[in-house]
Amino acid sequence: MSVSQSDVKYIAGLAKLKFEDSEIDSLTEQLNSILFYIDKLNQLDTSDVEPLSYPVEIELNMRDDILKASVSRKEALSNAPDSNDEYFKVPKVIG
Amino acid sequence: MLPYKSHNEKITLLKNGSLDLVENVKYFLSEIEKRKSLNCFLEIFSDDVIQNAEIISEKIKTGKAGKLAGMVIAVKDLLSIKGKRMTCGSKFLENFYPIYTATCVQRLLNEDAIIIGKTNLDEFAMGSSNENSAYGIVRNPVNEAYVPGGSSGGSAAAVAAFQCDVAIGTDTGGSIRQPAAFCGVYGLKPTYGRVSRYGLTSFASSFDTIGAFARTTYDVAALMEVISGYDEMDSTSVKYDVDNYSEDIKSFKKFRIGVTSSLIHEAYSPEIKSKWIATIEKLKLLGHEIVYIDLPHSEYSIAAYYILTTAEASSNLARFDGARYAKRSNESKDLSEMYINSRSEGFGAEVKRRIMLGTYVLSSGYYDAYYLKAQKVRRIIKNDFDKCFKQVDAIIIPTTPTPPFKIGEKTENPLEMYLSDIFTTTANLAGIPGISIPVGHSENGLPIGIQLLADQFNESTLLQLSRQLEMYNYL
């Protein structure tokens, strides 16, 4: 499979990224060379194979559901680019 | 010059008073200063380390010090330390101060280790040469025209250049083993889930592991023993007991070692091939049994690896939106623009490329063809290893297809860079541990590493074999 420049622009939109037109050119070329290489997986018949999502297949360790203190509001806001004493501030969401 | 090789010797010298910890720490600081051009460190805790050295010296005198007392450790800047800037090698995080400390770092501190600073890396650990850091490339200490490997290039180079005792790195597809090989030090990537990932900035969550760089096997063992083990803050960390690695390595147990011709044609450098064969011969002389095995699907590892890790990365890096932390672009009229501008200004080219590939393989209509297919191939590759480890205790393969390459040599061609991970990604796909062992130099005097792989949770086997090969070199 391969991607066109308009595919790449569409994917950029999904990924919330923007590129200059010249970047789109080289990105399309690079992605296509990677996708061409990746196509070799189709040489393998995987029809009877279960997908593997985590390599160590044991049950996940769950914590007991006990209420305890976590991050304070002050700490949570300490790296915010913009905030007041209580909230993260962002540009207007609804026009 | 350091008057000790590994931490057991250092502790003895510290206890009998013939080594002063404050002077020792100052020595490392001066080595960092002397070779600033290597660019190993993004942050140096100059004041803290002197103060901590004084406190720990007192503890040693009163016999209250922990197992790693006075061990001077550099930490890859992908792991958080409360209140210390963490950049992940990205411009996006140039002013980010974590509010908690990674579990593995806390465990080092609990044993009275001294953290000397944070090391340089490829941005968000994406790279094989340390040329993708927003804070400049790292140079190979053996020859500064060459790359140190990546993504934990700063950690590997700092250990090789005697800028610390040992270092912590992370390995998602070879990011500990490859730079260890390129810099001529030991580098261990543990089993997936062996070390808690709490406080590690996620790249590909089902691949990421935390491990160690050192100049001796003993130091790798001592470090791994402390950072391994279950942590309730990481649900994928495993409850199995941690072996006593530093004791285990004293044994001269004989193992069955698998040799495979699969992939070996990928070692296009004859120098790598000859070191690989020489190491197999050494293992034979040490009394180990060599068994021929097959890993028939290894050639598919890079393709499966880049689909799965970019998919996971695109999802993990969605959290960098400029809203709650990280650098926000100032020029945005609305929320959507804020996301797009912040991400486009914050991420570097390689990170964007991987987010794009990952978004594509997960997008509607392509999920089955790419992501699901790759997960199935991941199972096939793991099954190959499961089968092999019924016959052998360890497998020996090269760490890298070539000796270190020159700075700038592969930056123009991402696929070629990806292919340099051919021998390392399989371990992350299968979740098994691997160690890179320094075995000598190329004709140009550049380090070469050979890799041993073992079944899940058999780090002890790798460390025992590594120690035996290390001893052999002293014979």
Side-chain angles (χ1 to χ4, degrees), chain A residues 1 3 7-8 10-19 23 26-27 30-31 33-58 60-64 71-72 74-83 88-95, chain B residues 96-97 99 191-193 206 230 232 235-239 297 300 302-304 306-307 314 321-328 332-335 337-341 343-344 347 352-353 355-357 359-360 363 366 369-370 372-380 382 414-415 418 429-431 456:
Chain A
M1 275 181 266
V3 289
D7 292 333
V8 171
Y10 172 72
I11 302 160
L14 293 177
K16 296 266 183 259
L17 290 171
K18 65 174 181 190
F19 297 96
E23 290 177 296
S26 61
L27 200 51
Q30 287 166 350
L31 287 177
S33 89
I34 296 165
L35 290 173
F36 177 77
Y37 177 79
I38 281 172
D39 266 346
K40 77 190 286 174
L41 293 188
N42 290 319
Q43 296 165 2
L44 287 174
D45 177 11
T46 53
S47 43
D48 294 326
V49 184
E50 279 293 304
L52 179 66
S53 34
Y54 273 95
V56 177
E57 292 181 285
I58 52 159
L60 289 186
N61 293 307
M62 298 300 192
R63 283 200 299 266
D64 293 332
V71 174
S72 70
K74 195 177 163 220
E75 277 183 319
L77 291 169
S78 64
N79 281 294
D82 194 8
S83 65
F88 295 103
K89 283 171 80 175
V90 294
K92 203 152 59 165
V93 181
I94 302 163
Chain B
F96 179 71
Y97 292 84
I99 57 173
T191 308
Y192 179 81
S206 78
Y230 173 69
E232 67 163 17
S235 62
T236 61
S237 75
V238 173
K239 280 186 174 162
H297 302 97
Y300 300 101
I302 295 276
Y306 275 93
I307 292 172
S314 73
D321 56 8
R324 295 150 300 149
Y325 47 80
K327 201 175 169 200
R328 179 183 298 181
S332 314
K333 289 192 296 290
D334 58 30
L335 189 67
E337 235 181 54
M338 181 195 85
Y339 293 152
I340 293 169
N341 291 343
R343 289 165 63 78
S344 301
F347 291 132
K352 285 181 192 165
R353 188 152 45 231
I355 291 174
M356 289 291 286
L357 182 60
T359 305
Y360 176 67
S363 66
Y366 298 100
Y370 289 115
L372 199 63
K373 180 83 186 178
Q375 283 193 316
K376 289 178 173 183
V377 174
R378 187 177 194 180
R379 166 87 58 192
I380 291 175
K382 176 156 188 298
L415 182 60
Y418 296 172
L429 284 160
Q456 293 183 349

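Lettering of chains follows the sequences in order, A, B, ..., and the numbering in each one begins at 1.
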Do [X] and [Y] have side chains that approach each other closer than 4.5 Å (heavy atoms only, starting at C-beta)?
X        : Y        : result
B/Lys333 : A/Pro91  : no
A/Val56  : B/Thr236 : no
A/Leu35  : B/Tyr360 : yes

Segment of [X] engaging chain A (4.5 angstrom heavy-atom cut-off):
X        : answer
B/Ala326 : backbone
B/Ala430 : backbone
B/Lys327 : neither
B/Lys382 : side chain
B/Thr191 : side chain
B/Glu232 : both

Considering only heavy atoms and a distance below 4.5 Å, find which of B/Leu429, B/Leu372, B/Ile307 pairs most often with chain A.
->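 Option with the top pair count is B/Ile307.
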What option among B/Gly322, B/Ala323, B/Gly193 has the most heavy-atom pairs under 4.5 Å with chain A?
->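 The residue among B/Gly322, B/Ala323, B/Gly193 with the greatest pair count is B/Ala323.
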To check you understand the geometry: which heavy-atom pair defines the closest contact between [X] and [Y], and what is its length?
X        : Y        : value
A/Ser47  : A/Asp45  : OG-OD1, 2.7 Å
B/Met338 : B/Ser332 : CA-OG, 3.2 Å
A/Tyr37  : B/Ala303 : CE2-N, 3.9 Å

What part of [X] gets closer than 4.5 Å to chain B, counting heavy atoms only: side chain, backbone, both or neither?
X       : result
A/Gln30 : side chain
A/Ser78 : side chain
A/Asn42 : both
A/Tyr10 : neither

Geometric class of the B/Tyr306/B/Tyr418 ring pair [parallel <30°, tilted 30-60°, perpendicular >60°] =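 Plane angle under 30°, so parallel.
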Does A/Ala15 offer a backbone N or O that forms a donor-acceptor pair with the side chain of B/Arg343 under 3.5 Å?
->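 Side chain of B/Arg343 to backbone of A/Ala15, a donor-acceptor pair under 3.5 Å: yes, one is there.
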Under the 3.5 angstrom rule, does the side chain of A/Asn79 hit a backbone N or O of B/Tyr97 as a donor-acceptor pair?
->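 Yes: the side chain of A/Asn79 pairs with the backbone of B/Tyr97.
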Under a 4.5 Å heavy-atom cutoff, which of [options] has the most pairs with chain B?
options                           : answer
A/Leu44, A/Leu31, A/Ile38         : A/Leu44
A/Glu57, A/Glu23, A/Met62         : A/Glu57
A/Val8, A/Asp39, A/Val49, A/Leu27 : A/Val49

Excluding sequence neighbours, so at least two apart, what forms side chain to side chain donor-acceptor pair (under 3.5 Å) with B/Ser363?
->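 For B/Ser363, no residue satisfies side chain to side chain donor-acceptor pair (under 3.5 Å) once neighbours in sequence are set aside.
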